[in-house]
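Here's the structure, in structure tokens; my notes come after.
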Amino acid sequence: FREPPIVWVPPRFGIGVPNECKESSMSQTSRLQQPSRRFPHRVRSAGAFKVFTQRNIDQISSLRGLSVEQRFAMKVVSTVLPFRVNEYVIENLIDWEHVPEDPIFQLTFPQTGMLEPRHFDHVASLLRRGAPERDIAASVGTIRAELNPHPAGQRELNVPRLSDGEVVAGLQHKYRETVLFFPSQGQTCHSYCSFCFRWAQFVGDKTLRFASNEASRLHDYLRQHREVSDLLVTGGDPMVMKSRHLAAYLEPLLRPEFDHIQTVRIGTKALTFWPFRFLTDSDCDELMGLFERLVSGGKHVAVMAHFNHWRELSTDAAEAAVARIRGTGAQIRSQGPVLAHINDDPSVWQRMWTMQVRLGVIPYYMFVERDTGAFRYFKIPLVRTWEIYREAVRQVSGLGRTARGPSMSAGPGKVEVQGVSEIAGEKVFVLRFLQGRNPDWVHRPFFARFDPSAAWLDDLQPAFGEQRFFFEEANQVHRPHLCA
């Protein structure tokens, strides 16, 4: 037996909410307080947003059931990698009866295996003996530098410039049609994912951080680059921003001079970590109004929602937030990597994609975990990643098969693992570019020698006796779009 889904909206009905979804606030509250047959339970209320970091991790009462050693290990790992979790996640998404194996616990809380043993032991020894903060900071900085804080050459290869040669801070322009923008007000998240490939944005080291608070520079660059059709606002999470700040960046795009910007994408994990951003936050109506104005002005608004497990959509607040966003005319597309300890099971993806289709969310990408941060803990061999994708996608309807992947966001571009085959007596990976630094590479198939342990593009070798892949040939780096 499955209860029918309940669409819950805040008392301030209005923008982005279909009339048939509106009911009295008393009825909504009472229904949210009812026990649920679905995991975990009805969300009691939004409450105040309360966050925990390494500094007050001991105040999380749910952790008291763990051993002293487990709690100390969390402090060790969170000294190197960022940690931030909020009360909504703790109370509504984690099954504390199955910690530490619980997937959402793994998604948000530090685990010993996220650091190499030598790194873990070194930091642990510093903490145990109460070493001076400067000594800890120096050691941690050295460790972070070994964790590939900026994968795929994003600091060196994706840097855009204006026509006068000025570097535009807080932007990346890797693919011809798409510009990434990192607003300074959005360079944190409601909670941090333990696998995050942008972990370097959150550790307090300004030398590792991308960000910009200059709307004029963003608009100048877009004005000069008519080949750009898509702006992706990313972070961190832009949904931690005040709506007025987001509007200052996006509303000018409605002017005729920006008609070439057809799509505004917003990368966010808020539907998982704080769905009340779209329901009860003080400026949520302003946010929904912004989405509506962009859509009515002819822009395609795509909320690029990061999901890693079906449980993230299991609360009524999450379902209500999805409904409210869709009510503005914006679309929601889902993406996320395959991760050991969290979702390395085809049934998890099948159930997640099925739930998303039911709610009107479009499955978009299955990624391979990037070679940065806690990669050693979450990585899965490419062959197993492909098997998970294949087994999951064949169990969903055609509407669920819109998810592309598994895809590696590597230096040359987005490389999809299409399968494993045998050609001319050689077992190979069949690969192709979904996006390329050089647009001519897109959908060009190529082959790599089969390697059962390979977990990233750099682990692969060309097939058929070739010395290098075609995109590694001299003078193949193609970046004319970066300069006006």
Side-chain angles (χ1 to χ4, degrees), residues 101 103 106-107 113-114 116 148 151-152 194-195 197 307-310 334-353 363-396 400-436 441-472:
E101 291 79 14
Q106 293 280 331
L107 175 67
M114 293 177 183
E116 290 187 19
N148 191 21
S194 51
F195 68 86
F197 76 93
F307 290 113
N308 306 107
H309 197 277
W310 58 264
S334 70
Q335 56 191 32
V338 182
L339 302 157
H341 311 286
I342 293 176
N343 59 19
D344 53 336
D345 182 335
S347 66
V348 171
W349 288 88
Q350 178 270 327
R351 184 170 181 178
M352 181 171 67
W353 286 335
Y364 184 52
Y365 261 120
M366 173 194 275
F367 287 117
V368 177
E369 169 63 350
R370 282 197 178 187
D371 57 337
T372 181
F375 177 65
R376 68 181 306 275
Y377 186 73
F378 291 113
K379 69 178 180 180
I380 299 171
L382 292 176
V383 63
R384 180 55 187 155
T385 303
W386 168 69
E387 290 170 349
I388 291 170
Y389 173 83
R390 183 170 178 267
E391 291 172 30
V393 81
R394 68 185 184 184
Q395 297 180 57
V396 298
R401 294 178 183 176
T402 53
R404 298 184 290 180
S407 172
M408 295 176 276
S409 293
K414 287 187 171 69
V415 177
E416 180 185 49
V417 181
Q418 291 198 287
V420 176
S421 186
E422 185 171 314
I423 301 175
E426 182 174 350
K427 191 173 183 180
V428 297
F429 282 113
V430 182
L431 310 165
R432 72 168 177 173
F433 279 96
L434 296 175
Q435 271 282 25
W441 300 345
V442 174
H443 279 211
R444 179 173 172 178
F446 63 103
F447 305 91
R449 291 204 304 260
F450 179 77
D451 181 345
S453 63
W456 191 248
L457 183 63
D458 293 348
D459 298 333
L460 299 177
Q461 298 297 321
F464 314 129
E466 296 291 329
Q467 296 302 305
R468 61 179 64 191
F469 293 112
F470 74 91
F471 53 85
E472 295 177 315

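Residue numbers start at 1 and run along the sequence shown. These numbers come from the heavy atoms of this one structure, side chains and all, not from hydrogens, waters or symmetry mates.
- Residues forming a side-chain hydrogen bond (donor to acceptor under 3.5 Å, both in side chains) with E369 (at least two apart in sequence, or on another chain): none.
- Closest heavy-atom contact between Y364 and Q335: CD2-OE1, 3.6 Å.
- Note: F471 and W441 have tilted aromatic rings, judged against thresholds of 30 and 60 degrees for the angle between ring planes.
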Compile the donor-acceptor pairs under 3.5 Å between side chains in residues 410-420 and protein atoms, sequence neighbours left out, one pair per line.
residue, atom, partner, partner atom, Å
E416, OE1, R432, NE, 2.7
E416, OE1, R432, NH2, 3.3
E416, OE2, G405, N, 3.4

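- For the atom pair CZ of R351 and NE2 of H309, the computed distance is 8.0 Å after rounding to the nearest 0.5 Å.
- Residues P346 and A392 come closest through the heavy atom pair O-CB, 3.5 Å.
- Without hydrogens or angle criteria, R376 side chain to G113 main chain gives a donor-acceptor distance under 3.5 Å.
- In terms of the side-chain hydrogen bond (donor to acceptor under 3.5 Å, both in side chains) criterion, residue partners of T372 (sequence neighbours excluded) are, by chain and number, W199.
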Discussion item. Using side chain to side chain contact (heavy atoms under 4.5 Å, CB included), reason through Y389 and V338 one step at a time and then give a plain yes or no.
Written reply: CA-CA 9 Å; Y389 173 83; V338 182; over 6 Å; no

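- Remark: A340 pairs with D344, I380 by the side chain to side chain contact (heavy atoms under 4.5 Å, CB included) rule, at least two apart or across chains.
- Of the possible polar contacts, one joining the N343 side chain to the N308 backbone as a donor-acceptor pair under 3.5 Å is found.
- Residues P337 and W349 approach most closely at O-CZ2, 3.4 Å, considering heavy atoms.
- Residues P406 and T385 come closest through the heavy atom pair CB-CG2, 3.4 Å.
- E387 pairs by the side chain to side chain contact (heavy atoms under 4.5 Å, CB included) definition with V383, R384, E391, not counting sequence neighbours.
- Distance CG/L339 to CG/L107: 8.0 Å, rounded to 0.5 Å.
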Worksheet entry | Criterion side chain to side chain contact (heavy atoms under 4.5 Å, CB included) on R404 and L434, from CA distance to verdict | CA-CA 9 Å; R404 298 184 290 180; L434 296 175; 4.2 Å; yes

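- W353 places no side-chain N or O within 3.5 Å of a backbone atom of R401 that could act as its donor or acceptor partner.
- In this structure, the ring of F446 has its center less than 6.0 angstrom from the ring center of F433.
- A search for ring-ring contact (aromatic ring centres under 6.0 Å, His included) contacts involving W386 returns nothing, not counting sequence neighbours.
- Legend: residues meeting salt bridge (charged side-chain N to carboxylate O under 4.0 Å, His left out) with E426, ordered by chain and number and at least two apart, are absent.
- Under the 30°/60° scheme for interplanar angles, the aromatic rings of F450 and F429 are found to be tilted.
- Remark: Q435 pairs with no residue by the side-chain hydrogen bond (donor to acceptor under 3.5 Å, both in side chains) rule, at least two apart or across chains.
- Between F469 atom CZ and L457 atom CG the span is 6.5 Å, to the nearest 0.5 Å.
- Partners of Y365 according to the ring-ring contact (aromatic ring centres under 6.0 Å, His included) rule, which considers only residues two or more places apart in sequence or in another chain, are F367.
- Within a 6.0 Å sphere centred on CZ of R390, other residues, nucleotides and ligands contribute 12 heavy atoms or fewer.
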Worksheet item: Could you go step by step and tell me if L460 and L431 meet the side chain to side chain contact (heavy atoms under 4.5 Å, CB included) rule?
Response: CA-CA 11 Å; L460 299 177; L431 310 165; 3.9 Å; yes

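- Taking S334 as the reference, Q356 meet the side-chain hydrogen bond (donor to acceptor under 3.5 Å, both in side chains) condition, with sequence neighbours excluded.
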Worksheet item: Should M366 and I388 be marked as a side chain to side chain contact (heavy atoms under 4.5 Å, CB included) after you check the CA-CA gap, both sets of side-chain angles, and the distance that decides it?
Response: CA-CA 10 Å; M366 173 194 275; I388 291 170; 4.3 Å; yes

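- Considering all non-hydrogen atoms of both residues, P363 and T402 come closest at O-OG1, 2.6 Å.
- We find the NZ-CG distance between K379 and D459 to be 7.0 Å, quoted to the nearest 0.5 Å.
- Once rounded to the nearest 0.5 Å, the distance linking CD of Q106 with CZ of F378 reads 6.5 Å.
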